[in-house]
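It should be emphasised that the depicted structure is a prediction, and the values quoted were computed from it without experimental measurement.
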Amino acid sequence: MSGFERSSAFRALHLPEPRFLPAAGAVLLLHGGRAASLAPPPALNLPGLRMRAFARALGQDPRHDDVLIGYVRYRMRGWNAERADPLHDTRRALAELTDVAGPLPVVLLGHSMGARAALRAADDPHVRGVVALAPWLPPGEPVTHLAHRTVIALHDPADPITSATDTWTCLRRAEAAGARVRGIRMPGGRHTMISRSGLWHRLAARSTAEALGLAPPPRTSTPETGWGAGPLDAAMFIPPAGERHTIRPRRRN
């Protein structure tokens, strides 16, 4: 029985600002979890709170003015082996997004287990790309469906929870399968992304904009920078101080 059939009343998509229509695209955020747990996420869900900071960074970036920003909600905390529960939740959220907003181009921004679910769900025809933060990518993850998608991964090599080496290996396999890929070696943050959090937020916002094909703000140079599994140093993607985007409140209708 599918996840849809098991819990027909469950809403996998949380869209805080559904008024932003029509939209140029959407970014859905997927938080991390556990390898195995059939328990629901707790009310105080630290992995989910962590992604709210990334949502704020997207909302304050002028490239995302006309982009819907939402979250994938999980029924269970764990991946749970072959059940891959967060993958089913992600597919459901994508279907719900189409119901709400029509067939928009989508980028999935996921951390750890959420990045694994995002990459698996990238076979959805509306998904343009995936931005994977400290992803959990065991050897042998499927990649053939990533052809013609953009996959950008940010990982600190000192991450003690998930393997940056596995990430770069997966990117190389995805590139061979026809994906446009970029690997970015982060200089800090480990798995929680708390240290150097501002850099994580800026590069995540840049990456989702690139994956959606969004035009940069005026008076900003945009050289073609670093495609390939790499990994490349994060410093390559930090614009000069005079070209950094002004942080401002998100426009409301």
Side-chain angles (χ1 to χ4, degrees), residues 24-30 54 58 63-64 67-68 72 79 82 84 86-95 97-98 102-157 159 162-186 203-216 222-234 236-237:
V27 178
L28 297 186
L29 293 91
L30 297 83
F54 285 90
L58 295 178
R63 289 169 291 193
H64 297 81
V67 173
L68 293 172
V72 176
W79 181 265
E82 68 276 359
L87 172 59
H88 301 298
D89 299 330
T90 305
R91 294 196 192 284
R92 182 162 193 155
L94 288 166
L97 177 65
T98 299
L104 294 176
V106 179
V107 169
L108 301 174
L109 173 62
H111 173 233
S112 192
M113 182 189 76
R116 187 180 185 186
L119 284 163
R120 290 277 191 102
D123 58 354
D124 184 284
H126 299 127
V127 174
R128 291 276 186 87
V130 173
V131 179
L133 310 172
W136 174 35
L137 299 175
E141 278 294 292
V143 297
T144 56
H145 65 288
L146 297 173
H148 312 299
R149 269 69 169 180
T150 297
V151 180
I152 302 174
L154 287 63
H155 214 143
D156 177 0
D159 187 332
T162 57
S163 168
T165 298
D166 286 348
T167 295
W168 316 139
T169 299
C170 188
L171 285 180
R172 286 191 289 271
R173 294 174 55 237
E175 185 175 38
R180 181 176 72 154
V181 307
R182 175 183 292 153
I184 302 179
R185 183 191 299 109
M186 299 299 288
L203 293 188
R206 168 183 170 144
S207 298
T208 57
E210 285 186 284
L212 279 172
L214 301 176
T222 56
E224 181 72 10
T225 306
W227 292 101
L232 302 170
D233 287 331
M236 291 182 58
F237 303 94

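Note that CG of Asp159 and CE of Met186 are 11.5 Å apart. Values are rounded to the nearest 0.5 Å. Distance CZ/Arg185 to OG1/Thr167: 12.5 Å, rounded to 0.5 Å. The CG atom of Asp123 sits 8.5 Å away from the CG atom of Leu146 when rounded to the nearest 0.5 Å. To the nearest 0.5 Å, atoms CD1 (Ile184) and CZ (Phe237) are separated by 4.5 Å. Of the inter-residue distances, the one linking Arg63 atom CZ with Leu214 atom CG reads 8.5 Å to the nearest 0.5 angstrom.
His126 is not listed as a side-chain neighbour of Leu97, based on a closest heavy-atom distance of 4.5 Å or more. Two residues are said to be in side-chain contact when any heavy atoms from C-beta on lie closer than 4.5 Å; His64 and Thr208 meet this criterion. Taking 4.5 Å as the limit, every side-chain heavy atom of Thr150 sits out of range of all side-chain heavy atoms of Arg128. Side-chain contact check for Val27 versus Val131: every heavy-atom pair is 4.5 Å or farther apart. With a 4.5 Å cut-off on side-chain heavy atoms, Val67 and Leu58 do not count as touching. For the pair Leu137/Leu171, no side-chain contact is recorded, criterion being any heavy-atom separation below 4.5 Å from C-beta on. In this structure, the side chains of Glu175 and Trp227 stay at 4.5 Å or more apart for every pair of heavy atoms.
The two residues Leu154 and Ala204 have their closest heavy-atom pair at CD2-N, 4.3 Å. The shortest non-hydrogen separation linking Ala122 to Val130 is CB-CG2, 3.9 Å. Residues Ala174 and Val181 approach most closely at CB-CG1, 4.1 Å, considering heavy atoms. Shortest non-hydrogen contact noted between Leu108 and Ala121 is CD1-CB, 4.2 Å. Of all non-hydrogen atoms in His155 and Pro157, the two that sit nearest each other are O-CD, 3.5 Å. Contact between Val72 and Ala93 at its shortest, heavy atoms only, is CG2-CB, 3.9 Å.
In this view, Pro142 and Arg120, His145 satisfy the side-chain contact (heavy atoms from CB on, under 4.5 Å) rule, not counting sequence neighbours. Partners of Ala117 under the side-chain contact (heavy atoms from CB on, under 4.5 Å) rule, at least two apart in sequence or in another chain, are Leu30, Trp79, Pro86, Thr90.
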Verdict with supporting geometry, Arg149 and Asp124, salt bridge (Lys or Arg N to Asp or Glu O under 4.0 Å) = CA-CA 11 Å; Arg149 269 69 169 180; Asp124 184 284; over 6 Å; no
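Between the side chain of Arg182 and the backbone N or O of Gly226, at least one donor-acceptor pair lies under 3.5 Å. No donor-acceptor distance shorter than 3.5 angstrom exists from the side chain of Thr162 to the backbone of Ser112, with no hydrogens or angles considered.
Residue pairs meeting the salt bridge (charged side-chain N to carboxylate O under 4.0 Å, His left out) criterion with at least one member in residues 163-173, sequence neighbours excluded, do not occur.
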